[in-house]
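Working notes, structure below.
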Amino acid sequence: MESLLHSVQGYIYPDELQLQWSILIVLYPFITGLVAGAFILASLERVFNVEAVKPTYRLALLTALAFMIVAPLPLQLHLGHPERSFEMYLTPHTTSAMAMFGFVYLWYLMVVLVLEIWLDFRKDIVLMARASTGLKRMLYRAMALGSDNISERSLRIDDKVGKFITIVGIPSAILLHGYVGFIFGSVKANPWWSSALMPVVFIFSAMVSGIALVLLLYQFVSWYRRAAVDMPCLDTIARYLLYAFIIDFSLEMLDLVHRIYEADESFKTLDFMVHTKLYFSQIILQIIVGTLLPIGLLALVQLVKLTEQARRAIYGAAGLLTLVGIFAMRWNVVIGGQLFSKSLLGYTTYKMGLWTREGLLPAIILLILPFVILYMLVKLLPPWDKARGAEVPRAQG
Amino acid sequence: MREWLRDREHMVRMGILFAGALAVFLVARAVMVPKDFGTYGHFRTGALADNMAHPLVFAGRQACGDCHDDIVASRKGSKHEQIGCEACHGALEAHASADDPSALKPKLPDVKTICLVCHRENVAKPAGFPQVDPKDHGDGGPCTSCHNPHHPEIS
């Protein structure tokens, strides 16, 4: 007790000494945000027919799936009790935002992502089943559900259904991440979280992080495959990133201005926290390094004519900084909301473990895992156009 | 019908797969959700008993007062009267419930640091709350050289 008290300043209630939500709960909104963002970018091509981002469409879908598979793991690890933590999928309930997880997750993973990817890749799966032998053939046959039909009519049906699912998928992606923001925004006892803007800020920051991730992955994958980067595609994605980022930043500033103007009884406490304990992660990392700098870099490309190489370098740097900034934003929301006392007269400190169940190492592993899954998914379902054979007919209208 | 189905067959198979997955979900739910789940609300009733079975670590101030009535008396009228003993002395259930409590004596808190947990100067604290900057207050010695922690007011 005494040793714990040394990490405390001022008045604090006993149950506020240690943070209940650790870095793993920071990862959860970060990862789901990447899923929702990558999916929304993919949907642009499909629903709004943005031809320029086509080269990243399938990569974005697979990225969303890889991260979606990992999304519940931080929660499971945080809950501990492997013998019963999976009950969160089995006992969804509409009266609690947290207990809605089962509905939101299963709907998004199964109905939207898996179905859309299956429909989009079905032709490739059938062709790969035809071209391979042995175990691999069995695997692809199973993935095609035993069907060998890739007639033009069947593919057109796939495309129509796929388009419908994407249209359903966009509100689903918004729901998924809006829901994560809602969990925080609806905690009325916590003035750092309680804001109706929270779900909206989460959605836009999700789009920002997802677009930045695909921007980085597309460049990395092209370099790895020694394939040429489609610059109009990269320029378009970077432009979308800039637009989404400006909206996201404006919303966050709106929230800030609203708080400053309202200046309710919690304001001094939160203001003090931002200038002390959260100064580095909020002011430096989130706002300066992770928001203003990438927005400046992306805006520079719009204002000045730069060479292809310079633009690629700028996109790489802006993408990385964006991910750092969005991670810092999740950190500041989750950790920041637990650093001050409900008495508004005291603060505690977050001490992150290193090798513990909720420490830094599991967090790093959970951040690497989606890339390993993505690597396997890409091996299984190559998203490159060359691997696709003849062009798939697209439904009109 | 057969003609209609020919190019939709894979969709039907996917539909059957989803129906199967839904059935598996419902069966898993029926089997795995604890029987006492939801009796009093959206939680497992047995969780209450599980929590009650956790060993106690705090004894509560009444247990302290049973033996240390002199200290309780010395705190009377002091601003520290309402502070729980274990807030400074730590969790003491093991000490209080031991057959020989004197064999399990708690370590005295380090007064140089524990007082400052509450009394270090901080702008967030109300102006009337006693708070000090240790550099300016006292002569660098322990707070207990002037203040009695159980009755800290200097008359």
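Every heavy atom of this structure was used, including side-chain atoms; hydrogens, water molecules and symmetry mates were not. Numbers restart at 1 for each chain; the letters A, B, ... are given by sequence-line order, proteins then strands.
Other residues, nucleotides and ligands contribute at most 12 non-hydrogen atoms within 6.0 Å of the CG atom of B:Asp99. The environment of A:Trp21 atom CH2 is dense: over 12 non-hydrogen atoms of other residues, nucleotides or ligands sit within 6.0 angstrom. Within a 6.0 Å radius of CD in A:Glu83, more than 12 heavy atoms belonging to other residues, nucleotides or ligands are found. Within a 6.0 Å sphere centred on OH of A:Tyr279, heavy atoms belonging to other residues, nucleotides or ligands number 12 at most. The number of heavy atoms from other shown groups lying within 6.0 Å of CZ (A:Phe164) does not exceed 12. Summarising the local packing, OH of A:Tyr350 is surrounded by more than 12 heavy atoms from other residues, nucleotides or ligands at distances under 6.0 Å.
Looking only at side-chain heavy atoms (C-beta outward), A:Leu119 and B:Met11 come within less than 4.5 Å of each other. Here the side chains of A:Trp118 and B:His10 are in contact, with some heavy-atom distance below 4.5 Å. A heavy-atom distance below 4.5 Å is found between the side chains of A:Leu106 and B:Phe25.
Looking at A:Val114, neither its backbone nor its side chain comes within 4.5 Å of chain B, counting heavy atoms on both sides. Proximity to chain A (any heavy atom under 4.5 Å) is restricted, for B:Leu17, to the side chain, taken from C-beta onward. A:Asp158 touches chain B through backbone and side chain together, each having a heavy atom under 4.5 Å away. Residue A:Tyr89 touches chain B through its backbone alone, counting heavy-atom pairs closer than 4.5 Å.
A donor-acceptor pair under 3.5 Å is absent between the side-chain atoms of A:Arg153 and the main chain of B:Asp7, judged by distance alone.
Top candidate by heavy-atom pairs under 4.5 Å with chain A, chosen from B:His89, B:His42, B:Arg44, is B:His42. The greatest number of non-hydrogen atom pairs below 4.5 Å with chain A, out of B:Arg8, B:Arg6, B:Glu9, is found for B:Arg8.
Counting all heavy atoms, side chain and backbone alike, A:Leu145 lies closest to B:Arg13 at O-NH1, 2.7 Å.
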